A.B. asks: 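I am attaching a structure below and will ask some questions about it afterwards.
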There are 2 protein chains.
Amino acid sequence: MNFELAIERLKSEGFKRTPSREAILRLLELEDRYLSAGDVKKALAADHPTMSQDTVYRNLTSFSELKILEETELGGERKFRMHCDRHGHHHHFICMDCGRTEELDVCPMEQVSRALPAFVIDDHKFEVYGQCPDCRSAS
Amino acid sequence: MNFELAIERLKSEGFKRTPSREAILRLLELEDRYLSAGDVKKALAADHPTMSQDTVYRNLTSFSELKILEETELGGERKFRMHCDRHGHHHHFICMDCGRTEELDVCPMEQVSRALPAFVIDDHKFEVYGQCPDCRSAS
DNA sequence: TTTCCAATTCGGAATGACTACGATTTACTT
DNA sequence: AAGTAAATCGTAGTCATTCCGAATTGGAAA
């Protein structure tokens with residue numbers, strides 16, 4: 001997912017193109033890692049000093065619902081990143097130093113489904129946390 | 001893990017045996033599922049009306065650090081349950097209706113380690129969410 | 001048993017992420 | 001160019017969690 005595609009999806013879903021939304025999406029495209037609402041607000045403070053918290057949270061939530069963004073919860077905070085382009089299901093390694101991610105192919109859900117035939121499975125979360133090669137060599 | 005074992009571990013680590021700690025541990029032993037700090041406080045309100053939030057949170061955190069409890073974050077809340085007795089590493093299915101859990105054997109971390117040799121892996125989270133057989137037939 | 005002190009608890013206030021809301025502004029249609 | 005629903009602003013509210021000083025207490029030592 002990138003800025004242009006995101007704007008297209010917003011339009012096709014009946015959302016308006018506003019300066020706030022453009023700024024938030026441009027930032028997330030540029031950063032390419034998980035950011036909190038606070039991170040977004042701070043990063044945009046210089047160019048958009050009057051953008052309210054409400055606007056940041058409301059748009060991040062909308063973007064997540066539209067699958068423009070991926071969302072996770074980390075350290076008691078909601079975090080958002082541009083939705084990956086890869087086809088189909090995937091999980092992430094997340095660097096706890098810089099927030100950057102690495103996509104993971106493995107997912108054990110087929111085994112789990114087989115092991116729990118009487119259970120209704122609605123969702124799952126698989127995330128790996130650590131230090132990426134860049135941050136490793138920098139520390 | 002059960003009440004007696006938990007009390008032993010507290011003693012061996014130099015923690016005092018207090019009515020608050022006994023009540024919290026007895027509740028968690030009885031419930032055998034993930035509870036939030038608020039759940040614990042509410043459940044103990046009848047017998048321990050003066051137990052403060054601070055006491056609940058501080059003890060839950062201590063118990064978690066001592067591996068008396070297992071902890072996860074769900075819906076923006078920290079949740080705690082008695083630590084499972086099983087040997088070694090495991091994950092959980094969590095019923096979103098009643099909070100009860102089912103232990104899972106599968107864990108894909110070996111594959112992940114092999115796939116990311118240049119990354120430092122510190123931690124990971126794998127949880128499956130849905131409805132347990134009891135809640136399924138009740139709904 | 002009594003004394004004593006560090007650990008624990010209490011009660012309430014502070015923090016921080018997130019949400020709600022009325023008033024105002026704006027993107028987009030006609 | 002006008003009208004309208006959507007979006008934003010600014011602020012206040014909520015909720016989980018943490019902090020803090022004062023009071024209490026468990027358990028070791030005398």
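Throughout, a chain's letter reflects where its sequence line sits, starting with A, and its residues are numbered from 1. Being a predicted model, the structure only gives us computed values, none of them experimental.
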A.B. asks: If you look at every strand shown and take non-hydrogen atoms under 4.0 Å, does A/Arg78 touch a base, only sugar-phosphate, or nothing?
C.D. replies: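 Sugar-phosphate: the residue A/Arg78, judged by heavy atoms under 4.0 Å, touches backbone atoms but no base.
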
A.B. asks: At under 4.0 Å, does any side-chain N or O of B/Thr55 touch on OP1 or OP2 of C/dC10?
C.D. replies: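 For C/dC10, OP1/OP2 do have a side-chain N/O of B/Thr55 under 4.0 Å.
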
A.B. asks: Taking the side chain as everything from C-beta on, heavy atoms only, tell me whether B/Ile68 gets closer than 4.5 Å to B/Leu10.
C.D. replies: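 In contact.
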
A.B. asks: Looking at every strand, decide which applies to A/Ser20 at a 4.0 Å heavy-atom threshold: base, sugar-phosphate, or nothing.
C.D. replies: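 Sugar-phosphate only.
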
A.B. asks: Measure up the A/Phe93 and B/Phe119 rings against each other and bin them: parallel (under 30°), tilted (30 to 60°), perpendicular (over 60°).
C.D. replies: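 Judged by the thresholds at 30° and 60°, the geometry between A/Phe93 and B/Phe119 is perpendicular.
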
A.B. asks: Indicate, with a heavy-atom threshold strictly under 4.0 Å, whether B/Arg58 touches base, sugar-phosphate, or nothing.
C.D. replies: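 It contacts base atoms.
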
A.B. asks: What's the CD-C1' distance between B/Glu22 and C/dT9, to the nearest Å?
C.D. replies: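 Taking atom C1' of C/dT9 as the reference, CD of B/Glu22 is at 15 Å.
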
A.B. asks: Send over the distance from B/Leu10 CG to D/dG26 P, rounded to a whole Å.
C.D. replies: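 In whole Å, D/dG26 P and B/Leu10 CG are 15 Å from each other.
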
A.B. asks: Tell me if the NZ atom of B/Lys125 is crowded by more than 12 foreign heavy atoms within 6.0 Å.
C.D. replies: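 Counting other residues, nucleotides and ligands, NZ of B/Lys125 exceeds 12 neighbours.
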
A.B. asks: Between A/Tyr34 and A/His92, how do the two ring planes meet: parallel, tilted or perpendicular, split at 30° and 60°?
C.D. replies: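 Geometry flag for A/His92 against A/Tyr34: perpendicular rings.
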
A.B. asks: Determine: side-chain N/O of A/Thr18 to OP1/OP2 of D/dT8, distance under 4.0 Å, yes or no.
C.D. replies: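 So the side-chain polar atoms of A/Thr18 do come within 4.0 Å of the phosphate oxygens OP1 or OP2 of D/dT8, strictly under.
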
A.B. asks: What contact category does A/Pro19 fall into here, base, sugar-phosphate, or nothing, at under 4.0 angstrom with non-hydrogen atoms?
C.D. replies: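 Sugar-phosphate contact only.
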
A.B. asks: Do A/Asp54 side-chain and C/dA20 base share a donor-acceptor contact under 3.5 Å?
C.D. replies: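 Such a pair is found, so the answer is yes.
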
A.B. asks: For the pair made of CE in A/Met51 and P in D/dT11, what is the distance, rounded to whole Å?
C.D. replies: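 Atom CE in A/Met51 sits about 17 Å away from atom P in D/dT11.
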
A.B. asks: Please confirm whether the shortest side-chain N or O distance from A/Tyr57 to OP1 or OP2 of C/dC18 is below 4.0 Å.
C.D. replies: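 Yes.
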
A.B. asks: So, is B/Arg17 near the phosphate of D/dG27, with a side-chain N or O under 4.0 Å from OP1 or OP2?
C.D. replies: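 Negative; the distance criterion is not met.
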
A.B. asks: Tell me the interatomic distance from A/Asn59, atom CG, to D/dA6, atom P, rounded to whole angstroms.
C.D. replies: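 In whole Å, D/dA6 P and A/Asn59 CG are 15 Å from each other.
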
A.B. asks: At 4.0 Å (heavy atoms only), tell me whether A/Thr50 reaches a base, stays on the sugar-phosphate, or touches nothing.
C.D. replies: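 It contacts sugar-phosphate atoms only.
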
A.B. asks: Run B/Met109 and B/Phe126 through side chain to side chain contact (heavy atoms under 4.5 Å, CB included) and show every step you take.
C.D. replies: CA-CA 10 Å; B/Met109 283 310 293; B/Phe126 177 46; over 6 Å; no

A.B. asks: Can you identify which nucleotide, out of D/dA7, C/dC18, D/dT25, has its nearest atom closest to the A/Lys16 side chain?
C.D. replies: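 The answer is D/dA7.
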
A.B. asks: Reading DNA chain D from 5' onward, which residue's closest nucleotide shows up sooner: A/Gly14 or B/Thr61?
C.D. replies: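 That would be A/Gly14.
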
A.B. asks: Rounded to whole Å, please give me the gap between CZ in B/Arg21 and P in C/dC10.
C.D. replies: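 B/Arg21 atom CZ is separated from C/dC10 atom P by 11 Å.
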
A.B. asks: Please determine, for the side chain of B/Glu77, which listed nucleotide (C/dG11, C/dT8, D/dT17) has the closest atom?
C.D. replies: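 Output: D/dT17.
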
